[in-house]
Amino acid sequence: MINITFPDGAVRQYEQGVSALDIAKSISEGLARKVLAAKVNGQVIDATRPITGDATLQLLTWSDTDGKATMWHSSAHLMAEALEALYPGVKFGIGPAIENGFYYDIDLDGRQISDEDLRKLEVKMAELAKQNEVYTRREVSKADAEKYFTEKNDPYKLELIRDLQDGSITFYSQGGFTDLCRGPHIPHTGFIKAVRLLNIAGAYWRGNEKNKMLTRIYGITFPSQKELDEYLTLIEEAKKRDHRKLGKELELFAFSEKVGLGLPLWLPKGAMLRERLQAFLQKAQIESGYLPVVTPHIGSKSLYVTSGHYEKYGKDSFQPIRTPEEGEEFMLKPMNCPHHCEIYKTSPKSYKDLPVRFAEFGTVYRYEQHGELHGLTRVRGFTQDDAHLFCRPDQVKEEFCKVIDLVLYVFNSLSFTDFTAQISLRDKEDRSKYIGSDENWNLAEQAIIESAAEKGLRTVVEYGEAAFYGPKLDFMVKDALGRKWQLGTIQVDYNLPERFELEYIGADNKPHRPVMIHRAPFGSLERFIAVLIEHCAGKFPLWLTPTQVKILPISDKFLPYTEKVAELLKNAEIRAEIDDRNEKIGKKIREAELAKIPYMLVVGEKEAADGKVAVRRQAKGDLGTMDISEFIKVVQDEVINRKPFE
RNA sequence: GCUGUUGUAGCUCAGGGGUAGAGCACUUCCUUGGUAAGGAAGAGGUCGUGAGUUCAAUUCUCAUCAACAGCUCCA
């Protein structure tokens with residue numbers, strides 16, 4: 001007999017070799033019908049695998065992340081089985097579960113697959129699922145594994161097997177389909193009640209762009225049709241928040257082929273919103289001891305040769321432009337830091353002067369790959385809320401912590417709570433991608449890890465994500481469709497001070513090298529605003545929103561009073577517009593609601609007579625009538641406190 | 001950059017070898033209406049661009065540009 005410990009601490013005895021599924025059955029049949037996999041001693045395994053010794057056990061169902069992942073992984077196998085049935089000879093790459101569903105990379109040997117084919121595949125998958133095919137695990141020798149896939153003529157699986165150790169190779173089969181797989185899997189295909197194949201895309205084999213591009217099919221499955229329908233509704237809702245759609249609808253920004261790809265045009269409403277954000281940060285920065293500087297949009301090529309950026313990113317920059325007479329080369333500036341280094345050098349610095357903090361809303365230009373351009377989140381011309389802090393080595397941590405505080409202040413002011421702080425360190429394997437001494441890298445990495453811990457940030461560590469000159473702390477957020485973006489960033493840099501030979505005179509009257517910290521709380525205004533739009537679904541907080549108040553006269557008889565109200569609001573620095581169209585009040589309200597205007601003021605005979613306004617709040621409805629001065633106070637209070645929309 | 005899909009009016013989209021349609025928006029007129037669409041009339045498009053096939057191309061073919069999804073990249 002063996003002792004099984006449950007999550008609640010209860011211990012029960014079972015015969016050796018019992019499976020998680022058996023245990024579930026011993027508790028209740030209903031539970032057994034829901035068990036997808038099991039976590040035994042912290043490791044997720046098939047619910048049907050025998051447990052050979054004392055163990056802790058957690059039964060995994062659809063409500064567990066690992067349970068979902070197991071079902072989606074099994075769904076990938078089910079899709080593969082269906083693919084093999086419909087497209088004999090198809091070759092398989094990898095087919096993992098992902099955050100929302102699964103995919104399988106396949107090679108169709110030049111055959112193409114369309115959206116209609118996906119519908120047929122779904123039907124086939126549903127048909128196979130209904131047969132309750134059992135997933136069976138089998139350990140195989142490396143030789144047997146190679147023999148199987150050689151006969152099957154699947155070069156991708158053979159390549160995967162080549163990298164595996166003999167003795168650790170397992171196959172999983174269900175129905176007529178067998179795959180190289182570590183598992184685990186759900187007991188049988190019958191758990192899969194609803195299937196949706198979402199889209200087709202290309203993906204390089206093993207993520208290397210030198211390899212062949214395979215066809216990737218994304219899909220998702222659920223234990224009931226109802227849950228699938230709910231998921232699809234959720235996706236539709238998310239699409240409505242897309243900043244590209246809302247940016248157009250709310251007239252914030254636009255693109256023009258004629259202007260150029262990835263070069264956003266800020267329309268009046270968007271430009272004003274952007275300036276308010278900029279002013280908000282500028283104020284906070286000046287209070288925190290930053291010194292505003294301004295530098296030109298171009299810089300001599302030699303500036304970037306010195307910084308090392310030309311060598312590293314020259315090909316990803318707009319190519320140098322030449323002066324007509326002398327042929328001197330200039331680049332559109334891809335970053336502000338080299339300029340700021342030169343500003344540092346304009347006067348000798350004492351250790352007493354440090355830290356020096358130069359801040360600039362600097363517009364930079366980078367040649368981003370065509371296929372990467374994406375709304376405002378990935379563009380070729382954008383404005384960084386950049387600053388460079390030059391400090392003594394002993395000040396690095398304190399400065400770093402202060403920057404974290406500033407970033408958190410900005411995020412809190414906009415109710416951004418759902419972010420992760422990503423600590424980006426060097427690639428453990430390949431150090432050749434980085435410049436600078438090991439000693440400095442270690443110092444910098446340590447400073448970041450300690451600061452993040454001290455500030456209690458929810459962090460993830462990513463190796464290989466550091467910049468070539470130093471480690472970073474990036475604030476990552478997700479957009480409406482679940483794509484991850486980097487917003488704020490803080491980076492420690494020992495390299496540029498070296499390359500630009502920056503110095504300060506220490507207490508010992510000798511020259512020393514300052515340390516540089518690059519930082520941008522927004523990251524770029526473009527990307528930040530994109531994420532902000534999706535975050536609030538276009539309903540900006542009152543202090544940011546383009547039009548705060550729309551005044552809606554019942555009929556044009558009340559226009560004079562309407563104008564008087566508008567004048568009073570304007571004097572109170574409230575952004576108000578009048579809807580003076582010859583339309584019924586219902587229509588004016590409807591359109592103001594759809595335009596997400598926070599406050600609507602309905603004015604007619606009663607209001608004009610009493611000197612009042614009838615206040616309506618977007619999505620909330622009628623708030624009743626108020627004195628104009630009272631309404632102004634409401635608005636001003638909401639603005640000063642930077643309240644979120646709702 | 002790579003793979004796939006798409007490109008028709010300002011916006012959202014239908015259509016299809018015989019040179020175009022809807023709704024919203026826009027203009028004019030009627031209506032002066034109290035909390036999510038009042039009525040009527042009108043104007044608006046070289047069907048992304050270039051070539052080819054055809055008596056005839058917006059429709060078919062090829063190229064090209066752009067957008068979208070994903071991959072790769074991201075100072």
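The chains referred to below are lettered A, B, ... by the order of the sequence lines, with proteins before strands, and numbering in each begins at 1. Keep in mind it's a predicted model, so treat the numbers as computed, not measured.
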Rounded to whole Å, CZ of A:Arg616 lies from P of B:A36 at a distance of 5 Å

From the candidates B:C71, B:A36, B:A75, the one with an atom nearest any side-chain atom of A:Glu593 is B:A36

Winner on side-chain proximity to A:Tyr218, out of B:A69, B:C71, B:A36, is B:C71

Roughly how many Å apart are B:C2 and B:A63, using the P atom of each and rounding to a whole number?
13 Å

A:Lys557 has its side chain closest, among B:C73, B:U12, B:G33, to B:G33

Quick note, A:Leu594 side chain, CB onward, closest among B:A36, B:A75, B:C11 is B:A36

Assign each of A:Gln491 and A:Ala201 the nucleotide of RNA chain B bearing its closest heavy atom; nearer the 5' end lies the nucleotide of A:Ala201

Taking the P atom of each, how far is B:A9 from B:G21, in whole Å?
14 Å

Less than 4.0 angstrom between a side-chain N/O of A:Arg244 and OP1 or OP2 of B:C68, yes or no? yes

Report all interatomic pairs (protein N or O, nucleotide N or O of nucleotides 25-29 of chain B) with separations under 3.5 Å.
from	atom 1	to	atom 2	distance (Å)
B:A25	OP1	A:Lys587	NZ	3.2

Of B:U32, B:A69, B:G4, the nucleotide closest to the side chain of A:Gln112 is B:G4

*Salt-bridge present (A:Asp474, A:Lys472; N to O < 4.0 Å)*: yes

message: Taking the ring of A:Phe631 and the ring of A:Tyr599, is the distance between their centroids below 6.0 Å?
response: yes

- Look at the side chain of A:Glu605 against the base of B:G33 and say whether a donor-acceptor pair falls under 3.5 Å; ignore hydrogens and angles. no

Q.
Rounding to an integer number of angstrom, what distance separates B:G33 and B:G38 when you compare their P atoms?
A. 15 Å

Check: Does a side-chain N or O from A:His370 land closer than 4.0 Å to OP1 or OP2 of B:C65, or not?
Finding: no

- Reckon A:Tyr204 has a side-chain N or O less than 4.0 Å from the OP1 or OP2 of B:C71? no

The answer to which of A:Leu261 and A:Asp622 contacts RNA chain B further toward the 5' end, by nearest nucleotide, is A:Asp622

Whole-Å distance, A:Tyr365 OH to B:A75 P, equals 20 Å

Exercise. What interatomic distance, in whole Å, is found between C1' of B:G45 and the corresponding atom of B:C68?
Worked result: 23 Å

inquiry  = Please tell me whether A:Ser114 and A:Gln112 have a donor and an acceptor in their side chains that are separated by less than 3.5 angstrom.
reply    = no

Would you check if the distance from the ring center of A:His309 to the ring center of A:Phe468 is below 6.0 Å? yes

Which of A:Tyr103, A:Tyr104, A:Trp72, A:Phe102 passes ring-ring contact (aromatic ring centres under 6.0 Å, His included) with A:Tyr218? It is A:Tyr103

Could A:Glu465 and A:Lys484 be called an ion pair, given the rule that one side-chain N must be under 4.0 Å from one carboxylate O?
no

When you compare the side chains of A:Tyr469 and A:Gln491, does any donor N or O come within less than 3.5 Å of an acceptor on the partner? yes

To the nearest angstrom, the OH-P distance between A:Tyr104 and B:G4 comes to 22 Å

#### Entry: Electrostatic pair A:Lys91-A:Asp154, nearest N-O below 4.0 angstrom
no

inquiry  = So does A:Ile106 get a backbone contact from the side chain of A:Tyr156, meaning a donor-acceptor N/O pair under 3.5 Å?
reply    = no

A:Ile235 atom CD1 is separated from B:G70 atom P, nearest whole Å, by 11 Å

A:Asp556 near the nucleic acid: base, sugar-phosphate alone, or nothing, with a heavy-atom cut-off under 4.0 Å?
-> base

Does A:Arg366 contact B:C74 through a side-chain donor or acceptor facing the base, at a distance under 3.5 Å?
no

Between B:A67 and B:C26, how many Å separate the two P atoms, rounded to a whole number? 29 Å

Quick note, A:Tyr313 side chain, CB onward, closest among B:C74, B:G34, B:A67 is B:C74

Quiz item: Which whole number of Å gives the distance between the C1' atom of B:U49 and that of B:U6?
Solution: 16 Å

Side-chain atoms of A:Ile589 come closest, of B:A75, B:U35, B:C71, to B:U35

Ranking B:G34, B:A75, B:U3 by distance to the side chain of A:Met213, first place goes to B:U3

Pairs under 3.5 Å (Watson-Crick or G-U), crossing ones as [ ], inter-strand ones as |: RNA chain B comes out as (((((((..((((....[..)))).(((((.......))))).....(((((..]....))))))))))))....

Can you tell me if A:Arg483 touches the phosphate of B:A69, counting only side-chain N or O atoms and a distance under 4.0 Å to OP1 or OP2? yes

| said: What I want to find out is whether A:Lys550 reaches A:Glu591 closely enough, with some N-O distance under 4.0 Å, to be called a salt bridge. | reply: no

Salt bridge flag under 4.0 Å for residues A:Lys240 and A:Glu237: yes

* Asked: Is A:Arg378 side chain donor-acceptor paired with the B:C73 base, going by distance under 3.5 Å alone?
  -> yes

Separation of the C1' atoms in B:U12 and B:G52, to the nearest angstrom
34 Å

Quick note, A:Tyr367 side chain, CB onward, closest among B:A36, B:U32, B:G1 is B:G1

Exercise for the section: Give A:His518 one of three labels, base, sugar-phosphate or nothing, depending on what nucleic acid heavy atoms sit under 4.0 Å from its own. Expected result: nothing

Notebook entry, point to check: A:Arg527 side chain to A:Thr377 main-chain N or O, any donor-acceptor pair under 3.5 Å?
Noted result: yes

* **Pairwise C1' distance for B:U3 and B:C73, with rounding to whole Å** => 16 Å

